[in-house]
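Quick notes on the structure that follows.
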Amino acid sequence: MKRVMIACVTFETVKVSDPVSYWGTNRVYLIHYIRDPADPRLNIYQEFYARTCELICQEVPDAEIVDVNRDVTDFHVMLRTVASIIRQEREAPDGVPPEIYVNIAAGTSEYITAAAIASMMNENVKPFFVKTARFQVPDEKVRQVFYDGTDPVGMTKTVKTVERLPDFTIETPDEELVRALRVFAERSAQGQAVTAQKMVDALKAAGLWSRRGREAGTANNEAVYYQRNYIENWLAAGWIERRGGRRSGYAVNRKGAVILTTFYVDGDRV
């Protein structure tokens with residue numbers, strides 16, 4: 001299986017190199033920006049990029065590194081760059097598109113935002129985070145690095161402009177479908193039956209069936225309605241998958257689990 005990773009290099013190294021070996025990546029697109037290679041003031045950016053390449057070669061010697069020199073501080077450039085890489089990789093000449101992983105744990109805020117949006121605009125593209133185990137700046141030196149005298153400042157002392165993102169609309173999942181799926185998931189987790197009629201009864205008890213299944217009918221008609229308006233919609237959304245090859249057997253998959261932990265969770269108001 002060919003695996004591709006897209007990442008951005010500014011002032012991080014292991015956050016980029018370690019996932020290459022973790023995913024078993026064959027090709028790595030390293031987006032970075034050297035405006036003028038002859039300017040000695042910019043050598044620090046080249047040093048971080050070179051060190052990242054060195055670490056990747058040590059950990060995955062066969063990995064192909066693709067040098068992508070683009071302005072990582074320009075959101076539109078980053079969105080266009082990441083989207084272009086995804087598109088050209090999916091147009092595989094052998095007809096077998098690779099697994100594409102997008103690292104949104106390192107790089108500029110413009111890259112991270114653009115990479116996340118580009119990932120969500122494409123199916124089967126996997127954005128991921130990398131958590132820090134140990135920081136380079138020890139606790140006793142935090143005040144020296146992130147403070148101006150006694151004033152906490154952080155990494156940035158002054159800013160330029162505030163820029164809005166372009167308008168993108170990502171459709172929010174249907175509330176009734178999500179809440180119905182939660183009933184299905186909870187019954188499955190508790191080992192309760194999730195046959196059509198049992199689910200119809202459970203949805204009625206939860207006050208969800210009356211809002212969706214308005215027409216009266218026999219148990220058989222209700223089972224057909226449940227299949228068409230719940231199961232088929234969950235399948236179309238990619239929230240459940242068939243289990244064991246049996247038509248009657250379904251399970252909530254990873255995408256469905258994310259939907260359930262993100263949307264319409266009781267008590268989530270702040």
Side-chain angles (χ1 to χ4, degrees), residues 1-20 22-23 25-39 41-53 55-56 60 63-130 155-156 159-172 238 255 258:
M1 168 63 73
K2 189 172 92 173
R3 295 182 177 89
V4 169
M5 193 180 91
I6 303 170
C8 179
V9 180
T10 50
F11 294 112
E12 295 287 357
T13 55
V14 294
K15 274 192 171 183
V16 176
S17 63
D18 278 12
V20 176
Y22 180 84
W23 296 120
T25 308
N26 310 108
R27 180 179 297 150
V28 187
Y29 289 86
L30 294 185
I31 305 171
H32 67 121
Y33 187 45
I34 306 296
R35 183 174 61 251
D36 181 5
D39 189 341
R41 295 173 301 174
L42 304 179
N43 284 349
I44 185 172
Y45 298 105
Q46 184 60 39
E47 290 173 5
F48 274 84
Y49 175 78
R51 177 56 177 164
T52 302
C53 292
L55 290 172
I56 291 173
V60 188
E64 174 191 358
I65 299 175
V66 181
D67 183 332
V68 184
N69 191 356
R70 300 287 190 279
D71 187 351
V72 298
T73 65
D74 188 314
F75 170 80
H76 295 279
V77 171
M78 288 297 94
L79 183 59
R80 184 167 64 249
T81 300
V82 176
S84 177
I85 294 171
I86 292 172
R87 184 172 59 253
Q88 69 186 49
E89 282 293 338
R90 297 184 76 170
E91 296 172 352
D94 59 2
V96 182
E99 291 183 353
I100 301 177
Y101 297 88
V102 180
N103 189 334
I104 56 174
T108 60
S109 57
E110 291 87 352
Y111 161 79
I112 291 172
T113 306
I117 291 174
S119 299
M120 289 185 285
M121 291 169 62
N122 291 273
E123 291 184 359
N124 300 320
V125 174
K126 305 172 176 63
F128 67 90
F129 298 95
V130 180
M155 289 288 291
T156 301
V159 298
K160 295 179 181 178
T161 59
V162 177
E163 298 185 19
R164 279 196 59 198
L165 289 177
D167 294 330
F168 284 95
T169 301
I170 299 175
E171 186 176 351
T172 303
K255 183 177 180 180
V258 171

Any chance you could lay out the side chain to side chain contact (heavy atoms under 4.5 Å, CB included) test for Val72 and Tyr45, step after step, and finish with the verdict? CA-CA 12 Å; Val72 298; Tyr45 298 105; over 6 Å; no
Got a sec, which residues hit side chain to side chain contact (heavy atoms under 4.5 Å, CB included) with Val125, two or more places apart in sequence or on another chain? Ile86, Arg90, Ile100, Val102, Ser119, Asn122
Whether over 12 other heavy atoms sit under 6.0 Å from Glu123 CD: no
If a pair satisfies ring pair (Phe, Tyr, Trp, His ring centres under 6.0 Å) and one of its residues is in residues 86-129, list it, with sequence neighbours excluded. Trp23-Tyr101, Trp23-Phe128
Run the numbers on Leu30 and Ile56 for side chain to side chain contact (heavy atoms under 4.5 Å, CB included), then give the verdict. CA-CA 11 Å; Leu30 294 185; Ile56 291 173; 4.0 Å; yes
Measuring from atom CG of Asp18 to atom CG of Leu55, what distance do you get when rounded to the nearest 0.5 angstrom? 8.0 Å
Decide yes or no for Ile112 and Met78: does some side-chain heavy atom of the first lie under 4.5 Å from some side-chain heavy atom of the second? no
Return the minimal non-hydrogen interatomic distance between Ala105 and Val130, and the atom names on each side. CB-N, 3.3 Å
Output the distance between atom CD1 (Ile31) and atom CZ (Arg70), rounded to the nearest 0.5 Å. 8.5 Å
Approximate separation, where rounding is to 0.5 Å, of Met5 CE and Asn103 CG: 5.0 Å
Glu91: what forms a side chain to side chain contact (heavy atoms under 4.5 Å, CB included) with it, not counting sequence neighbours? Arg87
Using every non-hydrogen atom in the two residues, find where Glu89 and Pro98 come nearest and quote the distance to one decimal. O-CD, 3.2 Å
Can you see which heavy atom on Val16 is nearest to which on Cys8, and at what distance? CG2-O, 3.7 Å
Keeping to residues at least two apart or across chains, list the side chain to side chain donor-acceptor pair (under 3.5 Å) pairs with something in residues 72-81. Asp71-Thr73
Reference residue His32; test side-chain hydrogen bond (donor to acceptor under 3.5 Å, both in side chains); the match among Thr52, Asp67, Thr10: Asp67
Show the numbers, then the answer: is there a side chain to side chain contact (heavy atoms under 4.5 Å, CB included) between Val60 and Thr25? CA-CA 8 Å; Val60 188; Thr25 308; over 6 Å; no
Check the angle between the aromatic planes of Phe11 and Phe48 and answer parallel, tilted or perpendicular using the 30° and 60° thresholds. perpendicular
Candidate pair Tyr29 and Val4, rule side chain to side chain contact (heavy atoms under 4.5 Å, CB included), full reasoning: CA-CA 8 Å; Tyr29 289 86; Val4 169; 3.7 Å; yes
Among pairs that include at least one residue of residues 96-115, which meet salt bridge (charged side-chain N to carboxylate O under 4.0 Å, His left out), considering only residues two or more places apart or in two chains? Arg3-Glu99
Once side-chain hydrogen bond (donor to acceptor under 3.5 Å, both in side chains) is applied, do any residues pair with Lys255, and if so which ones, sequence neighbours excluded? none
